[in-house]
Amino acid sequence: MDYKNTLNLPRTAFPMKADLVVREPERLRRWQETRLYERIQQARAGGPLFVLHDGPPFANGDVHIGTALNKILKDFVLKYRTLRGYRAPYVPGWDCHGLPIEFKVVQERGRSGGSEDAAEIRRACEAYARRFVELQRRQFQRLGVLGDWERPYLTLDPAYEAEELRLFADLVEQGMVYRGKKPVYWSIPCRTALAEAEVEYQEHVSQSVYVKFPIVGRPGTYLLIWTTTPWTLPANLAVAYNSTFSYAVVRVDGEDYVLSAMLVNTVAAKCGWQHFQIVRHLDAGHLEQVEYQHPFCARTGRLYPGDAFVDNVTGTGFVHIAPGHGLEDYLLGLEHGLPVYSPVDDEGRFAWTDDLPREAQMPAELIGKSILERHGRSEANDAVLHELRVRKLLLHEENYRHSYPHCWRSKTPVIFRAMHQWFIRLDHVPAGSPPGTPTFRERALAEIEKVTWIPDWGKNRIAAAVKARPDWCISRQRAWGVPIPAFYDARGEPILDATVVRRAADLVERHGSNVWFEWPVERLWSEIRPPGWTGPEPAVKSTDTLDVWIDSGSSSRAVIARRPELRGSPLPFQCDMYLEGSDQHRGWFQSSLLLSLASQGAAPYRTVLTHGFMVDADREKISKSRQSQGGYEKPQTAEAYVRKWGADIVRLWVASQDFRSDIVVSEERLAKVAEIYRVLRNALRYQLSNLYDFDPDRHRVPDEALTGLDRWILDLFGRLEREVQAAYERYEFHVVYQKVSQFVAVELSAVYHDIIKDRLYTDPADSPRRRSTQTALWRMVRDLCCMLSPILAFTADEAWELIPGRPAGSVHEQVWEPTRLERSAEEVEVWENLFRLRDRLLPELERARQAKVIGKALEARLILCGEDPLFVCARAHADAFRELMNVSQVEFRPEPGRDGPVEVVHATGEKCERCWHWEPDVGRHADHPTLCGRCVEAVRTAAAHAGGTA
C-alpha cells in the first residue's frame with residue numbers, strides 16, 4: 001500500500017510563486033469591475049468618519065517613486081481606518097496650473113512655431129495637464145491605492161477655480177490683499193515672480209568684492225563695503241551700520257578706510273595689507289553724519305543704523321543698501337523714505353526707470369547688461385567690476401561659496417527685484433480692532449499649537465517658517481493659472497473689490513477661467529460689474545495669475561466643503577489629516593493653514609503627518625524636477641519599480657522604512673524586502689494549504705478544547721495583533737513590518753509551523769488534535785490577511801479568497817477584530833518552561849547529530865535525569881514536550897541529587913513508514929506491519945470514512 005496517499009498532505013490554489021507583475025493587474029481589473037471602493041464606502045456608511053485630504057501632486061511626467069511613496073503611505077492610513085470600521089473616503093486630486101507645465105508647453109510651442117497668445121498657451125497647457133492626469137491616475141491605481149478615481153479634484157476645473165476665487169474674495173474683503181512695490185524672488189529664465197516655497201537653496205559660488213565708497217568732504221577716505229552681488233551696486237541708495245559696534249579708520253598706503261574694528265585683521269588678511277595703521281575709532285554718533293559719493297553713479301547717500309542685520313561675522317561691518325533688491329534693504333529704505341529703486345527689467349537686464357532722475361542713474365554703458373549667470377559669471381557683474389576698476393574703487397575680489405536661492409524650475413540663481421505685485425499682509429489686523437488684537441501671523445502661530453504634528457518637530461518647522469516669512473507675494477506674470485480678477489483705471493490705479501471678485505468667480509464657474517484671457521475688458525466688466533457700482537471704471541484688466549500655492553492651498557475649501565462625503569467636522573472644511581513630505585512645511589501645509597484661517601478661522605487639518613525626502617543609495621536626494629532636467633539615469637519612476645517587482649513588494653518596501661527620516665531607495669533594498677515578502681507569502685500558503693478540508697462551522701474547536709500548543713501560538717498571535725494595531729494607530733508602519741516579519745519568520749514558520757506538520761499530516765483527518773490546529777491556523781490566516789491588507793493590498797486579498805468559511809467580499813471590506821485567547825498564569829508559566837527547556841536541549845541534539853549518533857531529530861531518544869524544575873515540568877507534560885522537541889522518544893529518570901544530565905541516544909524500535917517516528921510497536925499489526933500504532937489507527941479511520949477497508 002502507498003501510505004503517502006493516506007497522509008493529509010497540504011493542497012491549495014494559492015501558488016508559491018507570486019508572479020505579482022502578472023496577477024496584480026488582473027486583480028485590479030476585478031476591483032474596478034466590481035466597484036470595490038464604492039462597496040467599501042457603502043459598507044461603512046454608518047461608521048465614524050475619517051478624512052485624509054490629498055495634497056495634489058503636479059500633473060506632469062510619470063509618477064516619481066517619491067510621489068508613489070506618499071500615495072502608498074496615505075493608502076496605508078486609509079485602509080487601516082477602513083479595517084477598523086471607519087468610513088474613510090479618499091478623493092485624489094491634481095495640481096494642474098503653474099510654471100513647470102507652462103515652461104514645457106512654451107518650449108514645445110517655440111520649437112514648432114506656435115504663437116505667444118495667452119489663450120492659446122492656456123489651452124495647450126490644459127491639454128498637457130489632462131494627459132498627465134490620466135497617465136498618473138493609472139499609475140497610482142496600479143500601486144493598489146483605492147479611491148474615488150472617477151471623480152478626482154483638478155485645480156483647473158471651473159468649479160474649483162471659482163471656489164478659489166471666492167476664498168480670495170474673503171481675503172480682499174478683510175483688507176488683507178494689497179498692491180505694492182517691494183523686492184520679490186524673480187526667475188530670469190521663467191520671467192516671473194516666485195513664492196518662497198518655489199525657491200530651492202543650493203550651494204553657489206558668487207563673485208564677492210570689497211568696494212571703496214568715497215566719503216564726501218574727506219578726500220582719500222572711504223567707507224569699505226563688501227557684497228556678493230556686485231550687480232546690485234547701481235541700485236545702492238544707502239549704507240547700513242551697527243550702532244553697537246566700534247568702527248576704525250585704518251590707513252593703508254596713504255588711503256583711509258572705515259570698517260568695523262572687530263574685522264580689521266580679517267579684512268587686512270584678505271586684501272593683503274602688509275602694513276596698516278589704525279588712525280582712530282568711531283562710534284555711531286560719528287557715522288550718522290557721514291555722506292558718501294556713489295562709486296560710479298552721480299548721486300550721494302547717507303548711513304543709517306541696521307543693527308538687526310549688520311554683523312561682525314563676515315564683510316566689513318557695513319552693508320550696502322539697495323531698497324529694490326532685498327527685504328532688509330527695502331524695510332530700512334521704507335523707514336527712511338528712500339525710493340524702491342530697481343533698475344532691472346523683466347528679462348533681468350539693467351534698464352533706466354522712473355524712480356530717479358536719469359542723470360542720477362547708472363552710466364549708459366551698463367544698460368542692457370544681463371544679470372543671468374552663465375558658467376559662473378554674468379555680464380552685469382563684469383560691467384560693474386569694470387566701472388569700479390576704472391575708478392580705482394575695487395579694493396579686492398574673490399570667490400565666495402555659500403547657500404543661495406535658486407529657481408525650482410530653471411535651477412538658476414534667482415534675483416531679488418522690486419516690482420509692483422499683489423501681496424497678502426501677514427501682520428494684518430482688522431480695521432477698527434481694539435488694541436492688543438492679535439495679528440494674522442500671531443493667530444496662525446496660535447493655530448499651529450492646536451494641531452498634532454507627527455513627528456513633533458514639524459510644529460517648530462512650520463512655526464519658524466510662519467514667523468520669518470515676509471508678506472506673501474501672490475501674483476505671477478504667467479498665463480497658466482487662475483487670473484487675479486483686478487482691473488486698472490485710466491491712471492493705472494488698481495481696482496480690486498471683493499464683490500467684483502465674487503462675480504468673476506460666478507463667471508468662471510459658468511465658462512472657465514479662459515474667459516478672462518479671451519474676452520475684452522469691456523465684455524468682462526459688463527458681465528461682472530456689480531449693480532450700483534460707484535467706483536472707478538476700468539481701462540485695462542490685470543494679466544497676472546494667482547500663485548499656484550493659492551490654488552493648492554484653497555483645496556480644503558474647494559474640495560472638502562463641496563463633497564458631502566468629506567464633511568464631518570463642525571467647521572465647514574476641516575479634515576482629520578494632511579500627509580505630505582517635510583518640504584511642505586514651507587509649502588502646502590503653510591498655504592493651506594493661512595488660507596483656511598482667513599476663510600474659516602481655523603486650520604484645515606487636525607493632524608499633520610510628514611515623511612522625509614527620497615534619497616538614493618549614495619544618500620543623494622532624488623526628485624522629479626531633477627530627473628526632468630536630464631542627465632540622471634537611475635530609474636526613479638514608480639512604474640519602473642512596479643514592472644520589475646510588483647506593487648506589493650514596493651508597498652512592503654515603503655512599510656519597511658521609518659518615513660520620518662530620509663528614505664533610501666535602491667535595488668538592493670528592494671531585493672531584501674522581496675525576501676521578506678516570500679517569507680510572508682509562504683506562511684500564508686502553508687496555513688491555507690492545511691485548511692483544504694476544514695469547515696469552521698463544523699470543525700472549529702472552542703478555546704478551552706484547543707491543545708496547549710495551539711493555545712500558546714494563538715496567545716502570542718493575539719499579542720502581536722495588539723502590538724501591530726497600536727503601531728498602525730501611531731502610523732509607525734516600519735514597526736508593523738518589523739513585528740509581523742519577525743513573528744512570521746520565527747515563532748510561526750521556524751517553530752509552530754514546523755512542529756505541527758506531524759499532527760497535521762499523520763493524525764486522522766478528523767482527530768481532535770488536528771482540528772484544534774486547523775482552528776488555530778484558520779483564525780491566524782484570517783487575521784493575518786486583515787493585518788497585512790493595508791500593506792500587501794493584492795496578496796492579502798488573494799489569500800483571503802481561499803480561506804474556508806470567510807465572510808463574503810474582499811479583505812478590504814472586512815472589519816478587523818484582533819484575536820483574544822485568555823490563558824491562566826499557570827498555563828503561561830508551563831509553556832514558558834517547556835520552551836526554555838527546548839532552547840537548552842536543541843544544542844544537545846545538534847551535537848549528537850554531528851557525532852553521528854543520530855541523523856534527523858526523529859531518530860533521537862532524549863534521556864533527562866534528575867529533578868531539575870524544568871525536567872519536572874516537561875515530565876508532567878511529556879507528550880507536548882516530545883512534540884516540541886520533534887523527537888521520537890523522551891525518557892525521564894528521576895534521580896534525586898543528580899539534576900541536569902541529558903543523554904541523546906538513538907531511539908528504540910523501528911521507523912514507521914508513514915510518520916517516520918521510531919516506535920517499539922512497529923511490526924505488531926499484521927495488516928500494516930511497517931506502521932506504528934498511531935498510523936494504523938489513522939489509516940483504518942480514513943478507510944472507514946471512505947467506506948472501504950485498509
Side-chain angles (χ1 to χ4, degrees), residues 53-60 70 93-103 125 129 153-156 160-161 163-172 176-177 184-187 190 192-201 405-409 414 421-426 440-441 444 447-448 461-462 465-466 468-484 513 544-560 573 578 580-599 603-605 608 610 624-625:
H53 178 48
D54 190 32
F58 203 68
N60 71 331
N70 175 264
W94 274 272
D95 200 357
C96 301
H97 292 131
L99 183 57
I101 290 176
E102 184 174 353
F103 198 70
C125 287
Y153 76 87
L154 308 180
T155 59
L156 58 71
Y160 187 104
E161 293 177 323
E163 207 59 46
E164 177 182 342
L165 288 175
R166 291 180 186 115
L167 189 155
F168 181 60
D170 293 347
L171 300 173
V172 173
M176 297 180 67
V177 180
V184 296
Y185 296 111
W186 183 265
S187 172
C190 299
T192 187
L194 299 176
E196 189 177 14
E198 295 170 320
V199 169
E200 301 173 340
Y201 280 82
H406 285 63
C407 171
W408 70 312
R409 174 50 38 185
V414 302
Q421 299 280 3
W422 292 101
F423 296 89
I424 292 176
R425 185 177 287 107
L426 266 294
F440 183 68
R441 188 191 307 271
E447 195 64 20
I448 288 169
R461 181 170 289 188
I462 190 171
V466 170
R469 74 169 296 160
D471 284 354
W472 184 354
C473 176
I474 59 171
S475 47
R476 295 292 178 272
Q477 289 64 56
R478 307 302 305 180
W480 182 228
V482 176
I484 297 178
S513 59
D544 288 345
T545 53
L546 283 167
D547 174 16
V548 289
W549 292 105
I550 298 281
D551 282 21
S552 58
S554 304
S555 63
S556 58
R557 172 164 169 167
V559 179
I560 297 173
F573 45 89
Y578 276 27
E580 304 297 332
S582 56
D583 55 336
Q584 296 306 321
H585 292 106
R586 293 177 62 230
W588 190 56
F589 297 152
Q590 189 180 158
S591 64
S592 298
L593 169 70
L594 298 177
L595 295 175
S596 176
L597 181 64
S599 188
Y605 38 67
V608 172
T610 57
K624 185 174 175 180
S625 61

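The residues of the chain are indexed from 1 along the displayed sequence.
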Looking at side-chain heavy atoms only, is the closest gap between [X] and [Y] below 4.5 Å?
X      : Y      : value
Val559 : Phe573 : no
Trp472 : Leu595 : yes
Leu194 : Leu99  : yes
Leu426 : Leu594 : yes
Ile560 : Pro604 : no
Ile474 : Phe168 : yes
Ser556 : Ser592 : no

Next item on the list: List for me each residue that meets salt bridge (charged side-chain N to carboxylate O under 4.0 Å, His left out) alongside Arg478, sequence neighbours excluded, and say none if there are none.
Entry: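 If we apply the salt bridge (charged side-chain N to carboxylate O under 4.0 Å, His left out) test to Arg478, skipping adjacent residues, the hits are Glu102.
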
Check: Do Trp422 and Leu546 pass the side chain to side chain contact (heavy atoms under 4.5 Å, CB included) test, and can you show the C-alpha distance, the side-chain angles, and the key distance before you say yes or no?
Finding: CA-CA 9 Å; Trp422 292 101; Leu546 283 167; over 6 Å; no

Nearest 0.5 Å, please: how far is [atom2] in [Y] from [atom1] in [X]?
X      : Y      : atom1 : atom2 : result
Ile550 : Thr155 : CD1   : OG1   : 13.0 Å
Gln477 : Gln421 : CD    : CD    : 4.0 Å
Asp547 : His97  : CG    : NE2   : 12.5 Å
Ser599 : Leu171 : OG    : CG    : 7.5 Å
Leu154 : Asp551 : CG    : CG    : 12.0 Å
Arg166 : Arg557 : CZ    : CZ    : 8.0 Å

Any side-chain to backbone donor/acceptor pair from [X] onto [Y]? Under 3.5 Å, distance only.
X      : Y      : answer
Glu447 : Ala603 : yes
Thr545 : Ala479 : no
Trp480 : Cys96  : yes

[X] and [Y]: which non-hydrogen atoms are nearest, and at how many Å?
X      : Y      : answer
Gly581 : Asn70  : N-ND2, 4.3 Å
Arg441 : Arg469 : NH1-O, 2.8 Å
Cys473 : Val184 : SG-CG1, 3.7 Å
Leu165 : Pro483 : CD2-O, 3.7 Å
Leu593 : Ala444 : CD2-O, 4.2 Å
Val199 : Pro405 : CG1-CB, 3.2 Å

Check: Can Arg425 and Asp471 be counted as an ion pair, charged N to O under 4.0 angstrom?
Finding: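 Result for this pair is no, no salt bridge flagged.
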
Next item on the list: Name all residues meeting the side-chain contact (heavy atoms from CB on, under 4.5 Å) criterion together with Ala558; count only those two or more places apart in sequence or in a different chain, and write none if there are none.
Entry: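 For Ala558, the residues satisfying side-chain contact (heavy atoms from CB on, under 4.5 Å) (neighbours in sequence not counted) are Tyr160, Glu163.
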
Note to self: Looking only at side-chain N and O atoms, does Trp588 offer a donor or acceptor that is under 3.5 Å from a partner on Asp95?
What the structure shows: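 Asp95 vs Trp588: no donor-acceptor pair found between side chains.
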
Check: Have Ser555 and His53 got a donor and an acceptor in their side chains that come within less than 3.5 Å?
Finding: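 A pair is found: one side chain offers a donor N or O, the other an acceptor, under 3.5 Å apart.
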
Next item on the list: Report the residues that fulfil side chain to side chain donor-acceptor pair (under 3.5 Å) with Gln584, sequence neighbours left out, ordered by chain and then residue number.
Entry: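 Gln584 satisfies side chain to side chain donor-acceptor pair (under 3.5 Å) with no other residue.
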
